[in-house]
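The chains referred to below are lettered A, B, ... by the order of the sequence lines, with proteins before strands, and numbering in each begins at 1.
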Amino acid sequence: MLKFKRHSFLLSAHEIHRLFSASPAISLVDPITQHQTHLQTTTNINTLQSETSIPQSPPSLDPKHYISQLFKCRNLNQITQVHAQVAVNGLLLHNLALANKLLYIYVQHKAVIDAHSLFGVMTEKDPVSWSVMVGGFARVCDYLNCFVTFREYVRSGECLDNYTLPLVIRACRDTMDINMGRLIHHVVHKFGLHSDPFVVAALVDMYAKCGAIDDAKQLFDKMPERDLVSWTVMIGAYAECGNANESLALFDRMREEDVIPDKVAMVTVVNACAKMGAMHKAGLVNEYIWRMNFSLDVILGSAMIDMYAKCGNLDSAREIFDKMREKNVITWSAMIAAYGYHGKGREALELFPSMLTSGVLPNRITFVSLLYACSHAGLVDEGLRIFNSMWEDHFVRRDVKHYTCMVDLLGRAGRLNEALNLVEDMSVEKDEGLWGALLGACRIHNRIELAEKAAKSLLELQSQNPGHYVLLSNIYAKAGRWEDVAKIRELMTHRRLKKNPGWTWIEVDNKIHRFSVGDHTHGWSKEIYKMLEMLIEKLELAGYVPDTNFVLHDVDEELKQGMLYSHSEKLAIAFGLISTSEGTPLRITKNLRVCGDCHTFIKFVSAIAKRLIIVRDANRFHHFEEGACSCGDYW
DNA sequence: ATAGGGTTAG
């Protein structure tokens, strides 16, 4: 079964709406088969309308004449007209270059069905014909026919070339079909193309996007020569799998080998910085971009907004946003989301009308961003209003993510019954994330009975997300129900799930330091623990009481405290305090959500050490200053 | 004549 991750056949109501206002001639079709509109078919080439015809030229037997005609074609009718001429005068049959060009022009116009019927009657085919046809199907997301055609190509006995393979490998990536990918990898070997930079780059990319980072790395390391694209693919691969550190290191290595990055490479690196939250690196990358004089187009600009925001620098993100001449829905959504996860809900909401005024239409992601902005800032009424206007005013259908936002919003605000009502009344299919959000709200408000209801649905869905189990177990632990904690742990073992390891990063002197719980691997470990001990002594004097509810296991108090003291967040902060001068803000990034005790701890540290501490966790940003956090303790 | 890498949420 093919899974379509990157492309969707379904058009939103809005897109359909837009389609109509753009071209009233298109008739209404079932949204499920809407994609058929790409596949414009011309059934009878003799019934062409004369007003769409290209100017009649004297009959010619020169293929070059028709090739240049094809280049002038503006629409499908014109193409079919040329097609008819060359078919009638017999040129098409005997001229492969002409047939291939015609094929190519059809594909360019997404008329893949026409291309395929031409392809079917071509008596002679060369690698170019096959490549255009395989690429044509991929272009309209008809992956099944893409693979079928590729298989015919292989079976035809014709020699495979390094043009078709990258196309079909990309199709594997886009369908997340790693098994097909491995199969084609074998074909690559069979035809001796395993050193071709185009083919190998495509393979590396395919493996990486399908989650097989080790295969990707192995291929990349073995490449005899790596060009810019191979480097870019590998840099993106590391960022994709969460190893942004390695990704940035690879960028440095690439430049050491005198490969000059282009704009696409920079977008990839910008993305890695965003994932990492590496503020200093982000600054360097920004400098580099200006030095290289890359223009701030809509993609680079949007990526940079995202990078600055995720590095905790909202002002710079806004500066880029204001500087951009062209903004699309992604640009606006990125900025809205940025305000949202920094807890600035009002600012996020204020952007929305400006976006509409500028003529950019919102999509479902825009609404997810808006609703989360409300949630992080506790703007319940505003959120409800937006949720209700999505379809009516903006033709964007509510999906399960939007319901999840609402559950989160209502749940945090303590309106759990309303959240539950929403869940029970919704007509879209419920997923793990939705129940997870409800469970999260139950944890905040200690609603055990409701938590068990949510958990039941969650476990029925065979959730593979260890975070959900940990959340439930934490709820039980908080209530002192250790047998239930043990049951959950057992279930996790049974389902072969492990608690995701928590990591915290801190960037000091252009180097990224990573900590895990109880970490002793850092060179300054001794100093870090000494600092932590001192800190906790001071904190306790100031009234800090460790909250052992956030320790998962049922162990005795003292041991619990020991584990709590060495949470990765605390280690990173202790290290930050030692290694930076007084008054410097500390920025740390955590891959999971910050634990409740660490949250309290950091509030105290911000007051006692007089530091601004900016924490990015899996959900949002926390700005700690003078003993308080910008999240208002809802996170 | 045909080819590979890039942007928003969760």
Side-chain angles (χ1 to χ4, degrees), chain A residues 63-64 67 70-71 95-105 107-108 126-136 138 161-170 173 193 196-206 208-209 227-237 239-240 261-272 274 294 297-307 309-310 324 327-338 340-341 362-373 375 399-402 404-405 408 431-434 436-437 465 618-620:
Chain A
K64 283 200 187 113
I67 288 178
L70 281 171
F71 271 116
N95 196 301
L96 186 57
L98 179 60
N100 280 342
K101 179 53 78 184
L102 185 53
L103 203 61
Y104 178 66
I105 297 285
V107 165
Q108 287 292 300
D126 69 356
V128 176
S129 338
W130 287 105
S131 152
V132 171
M133 201 59 242
V134 168
D161 70 351
N162 56 346
Y163 281 77
T164 314
L165 279 162
L167 286 167
V168 74
I169 294 167
R170 186 167 60 170
R173 178 196 73 180
L193 286 164
D196 182 88
F198 278 78
V199 174
V200 181
L203 281 169
V204 170
D205 188 39
M206 184 273 298
K209 301 259 158 67
D227 62 7
L228 176 58
V229 177
S230 345
W231 281 102
T232 310
V233 162
M234 200 59 220
I235 290 170
E240 175 94 14
D262 64 359
K263 201 191 272 187
V264 177
M266 290 321 292
V267 171
T268 311
V269 174
V270 163
N271 236 329
F294 290 124
D297 66 15
V298 66
I299 298 183
L300 182 59
S302 305
M304 287 181 74
I305 289 173
D306 188 52
M307 170 181 78
K310 287 186 178 156
M324 287 172 66
K327 300 182 181 78
N328 64 9
V329 62
I330 298 177
T331 319
W332 286 94
S333 304
M335 196 66 230
I336 289 172
Y341 52 70
N363 62 16
R364 53 190 58 194
I365 297 178
T366 315
F367 282 102
V368 171
S369 307
L370 282 166
L371 293 174
Y372 266 106
S375 171
D399 67 27
V400 66
K401 302 288 178 214
H402 302 110
T404 307
C405 294
D408 192 66
D431 69 359
E432 293 179 20
L434 182 81
N465 180 349
N619 250 350
R620 59 166 295 152

Is a donor-acceptor pair below 3.5 Å formed from side chain Asp227(A) to base dG4(B), judging by atom type as modelled?
-> yes
Quick note, Asp297(A) side chain, CB onward, closest among dG4(B), dG6(B), dT2(B) is dG6(B)
Under 4.0 angstrom between Asn271(A) side-chain N/O and dT8(B) OP1 or OP2 = yes
In whole angstrom, what separates Asn363(A)'s CG from dG10(B)'s C1'?
-> 14 Å
Check the distance between dT2(B)'s C1' and Leu102(A)'s CG and give it to me in whole angstrom.
-> 15 Å
Report yes if a side-chain nitrogen or oxygen of Arg170(A) is closer than 4.0 Å to either non-bridging phosphate oxygen (OP1 or OP2) of dG5(B); otherwise report no.
-> yes
Lys401(A) NZ - dA9(B) P separation (whole Å) = 13 Å
Ile299(A), nearest nucleotide to its side chain (from dT2(B), dG6(B), dG4(B)) | dG6(B)
Does any N or O in the side chain of His402(A) come within less than 3.5 Å of the main-chain N or O of Arg364(A), such that one atom is a donor and the other an acceptor?
-> yes
Pro166(A) has a side chain; which of dG4(B), dT7(B), dA9(B) sits nearest to it?
-> dG4(B)
Within the structure shown, what part of the strands sits under 4.0 Å from Asp161(A) by heavy-atom distance: base, sugar-phosphate, or nothing?
-> base
Mind checking Val199(A) for me? I need base, sugar-phosphate or nothing, with any heavy atom below 4.0 Å counting as a touch.
-> nothing
Considering non-hydrogen atoms only, spot the tightest contact between Cys405(A) and Leu371(A) and give its length.
-> CB-CB, 3.5 Å
Across the strands shown, which category fits Ala337(A) at heavy-atom distances under 4.0 angstrom: base, sugar-phosphate, nothing?
-> sugar-phosphate
Can you tell me how far C1' of dG6(B) sits from CH2 of Trp231(A), to the nearest Å?
-> 19 Å
Which part of the nucleic acid, if any, lies within reach of Leu228(A) when heavy atoms closer than 4.0 Å are counted: base, sugar-phosphate only, or nothing?
-> base
Under 4.0 angstrom between Arg364(A) side-chain N/O and dT8(B) OP1 or OP2 | no
Please work out if Ala265(A) contacts a base, only the sugar-phosphate, or nothing of the nucleic acid, heavy-atom cut-off 4.0 Å.
-> base
The nucleotide from dT7(B), dG4(B), dG5(B) with an atom nearest the side chain of Pro197(A) is dG4(B)
Val368(A) side chain: which of dG10(B), dG6(B), dT2(B) is closest?
-> dG10(B)
Is any N or O donor-acceptor pair between the side chain of Asp262(A) and the base of dG5(B) shorter than 3.5 Å?
-> yes
Under 4.0 angstrom between Asn162(A) side-chain N/O and dG4(B) OP1 or OP2 = no
Among Leu203(A), Thr268(A), Val200(A), Val204(A), which one satisfies side-chain contact (heavy atoms from CB on, under 4.5 Å) with Val233(A)?
-> Val204(A)
Indicate, with a heavy-atom threshold strictly under 4.0 Å, whether Leu167(A) touches base, sugar-phosphate, or nothing.
-> sugar-phosphate
Nearest whole angstrom, please: distance from the P of dG10(B) to the NE2 of His402(A).
-> 11 Å
Starting at atom CE of Met307(A), determine the distance to atom P of dG6(B), rounded to an integer number of angstrom.
-> 18 Å
Partner residues of Asp227(A) under the salt bridge (charged side-chain N to carboxylate O under 4.0 Å, His left out) criterion, sequence neighbours left out = none
Here the salt bridge (Lys or Arg N to Asp or Glu O under 4.0 Å) pairs for residues 197-206 of chain A, sequence neighbours left out, are Arg173(A)-Asp205(A), Asp205(A)-Lys209(A)
When we call it a touch if two heavy atoms are under 4.0 Å apart, what does Asp205(A) touch: a base, just sugar-phosphate, or nothing?
-> sugar-phosphate
Please work out if Phe198(A) contacts a base, only the sugar-phosphate, or nothing of the nucleic acid, heavy-atom cut-off 4.0 Å.
-> base
Under 4.0 Å between a side-chain N or O of Lys209(A) and OP1 or OP2 of dG6(B)?
-> yes
For Ile169(A) and dA3(B), what is the distance between atoms CD1 and P respectively, to the nearest whole Å?
-> 15 Å
Please work out if Lys310(A) contacts a base, only the sugar-phosphate, or nothing of the nucleic acid, heavy-atom cut-off 4.0 Å.
-> sugar-phosphate
Which nucleotide in the list dG10(B), dG5(B), dT7(B) gets nearest to the side chain of Tyr372(A)?
-> dG10(B)
Which heavy atom in Asp306(A) sits nearest to a heavy atom in Ala274(A), and how many Å separate them?
-> OD2-CB, 3.7 Å
Give a yes or no answer on whether the side chain of Thr331(A) reaches the backbone of Asn328(A) with a donor-acceptor pair at less than 3.5 Å.
-> yes
Between dA9(B) (C1') and Ile330(A) (CD1): distance, integer Å = 12 Å
